[in-house]
Amino acid sequence: MTTLEEVLFKAKEMAAAAGRKALDVADLAKMKMKVLDNEKAIDSAMEALGHLLFDSRVEGAELNEELVNELIAQIKELEAANDDLRAQMDNTRGRKTCECGAANAEDAAYCSKCGKAL
């Protein structure tokens, strides 16, 4: 290979790496937006739960157990989705996520927060 061919080869490699990094950044932004959307939905469900409880205690309305259970299930589902998204984000950033929720370096053998083997 000539020097010019080597330079062109390196330039192509750098362009490909930059393209992959741009995709990672775009994916991270999408995941962050989804986490924020889920957090807003969690807040709305929590507010609805609060209104149900308030109405049942203060205004004497009957507590709708079916609706309470639906809201709790919705909150749990959204929280689990956010946990998955955060783990994907850590993976994209080159981190390992422990069961305790702490992000660790990709080459870490043990969690920096709880000490559990990764």
Side-chain angles (χ1 to χ4, degrees):
M1 250 202 255
T2 66
T3 304
L4 180 58
E5 289 173 333
E6 290 173 0
V7 168
L8 289 174
F9 180 75
K10 280 289 185 189
K12 287 180 183 178
E13 281 184 335
M14 298 278 290
R20 285 189 299 274
K21 188 67 174 171
L23 288 175
D24 286 349
V25 169
D27 288 342
L28 281 171
K30 289 176 187 175
M31 287 185 265
K32 284 180 185 179
M33 289 302 297
K34 184 61 180 165
V35 167
L36 290 174
D37 289 344
N38 288 349
E39 287 176 352
K40 286 180 186 177
I42 289 169
D43 288 344
S44 294
M46 291 283 199
E47 185 177 347
L49 274 173
H51 284 292
L52 287 172
L53 183 60
F54 180 83
D55 291 345
S56 72
R57 297 295 164 104
V58 175
E59 297 178 9
E62 185 175 328
L63 185 60
N64 184 340
E65 290 293 332
E66 184 178 330
L67 184 55
V68 168
N69 291 335
E70 287 176 21
L71 288 168
I72 290 171
Q74 180 183 7
I75 292 167
K76 286 182 178 182
E77 182 180 314
L78 289 166
E79 287 175 340
N82 276 356
D83 289 344
D84 291 342
L85 285 166
R86 287 185 181 105
Q88 289 175 24
M89 289 166 59
D90 285 341
N91 188 18
T92 301
R93 291 179 181 130
R95 298 180 190 162
K96 288 182 186 175
T97 303
C98 181
E99 291 175 8
C100 73
N104 298 276
E106 190 173 20
D107 60 348
Y110 297 94
C111 176
S112 60
K113 182 177 179 184
C114 70
K116 183 176 180 167
L118 299 173

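What you see is a predicted model; the values in this text were computed from it and never measured.
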Separation between NZ of K96 and CG of N91, rounded to the nearest 0.5 Å:
10.5 Å
Taking only residues two or more places apart in sequence or in another chain, which ones pass side chain to side chain contact (heavy atoms under 4.5 Å, CB included) with D24?
T92
Taking atom CD of E66 as the centre, report whether more than 12 heavy atoms of other residues, nucleotides or ligands fall under 6.0 Å from it.
no
Distance-only check: which donor-acceptor pairs under 3.5 Å involve side-chain atoms of residues 68-84, not counting sequence neighbours?
from: N69; atom 1: ND2; to: E65; atom 2: O; distance (Å): 3.2
from: N82; atom 1: OD1; to: N38; atom 2: ND2; distance (Å): 2.9

Show which side-chain atoms of residues 107-115 pair as donor or acceptor with protein atoms under 3.5 Å away, not counting sequence neighbours.
from: S112; atom 1: OG; to: N104; atom 2: OD1; distance (Å): 3.0

Which residues, ordered by chain and number, are linked to L36 in its hydrophobic cluster, where ILVMFWY side chains connect at heavy-atom gaps below 4.5 Å, directly or through other members?
M33
Partners of E13 by salt bridge (Lys or Arg N to Asp or Glu O under 4.0 Å), sequence neighbours excluded?
K10
Closest approach of T97 and A87, non-hydrogen atoms and distance?
OG1-CA, 3.9 Å
L63 and L52: which non-hydrogen atoms are nearest, and at how many Å?
CD1-O, 3.8 Å
Can you sort out the partners of K32 under side chain to side chain contact (heavy atoms under 4.5 Å, CB included), two or more places apart, ordered by chain and number?
M89, R93
With the 4.5 Å side-chain cut-off for hydrophobic clustering, are I42 and L49 part of the same group?
yes
Separation between CE (M31) and CD (Q88), nearest 0.5 Å, reads 5.5 Å
Working to the nearest 0.5 angstrom, can you tell me the gap between E59 CD and H51 NE2?
10.5 Å
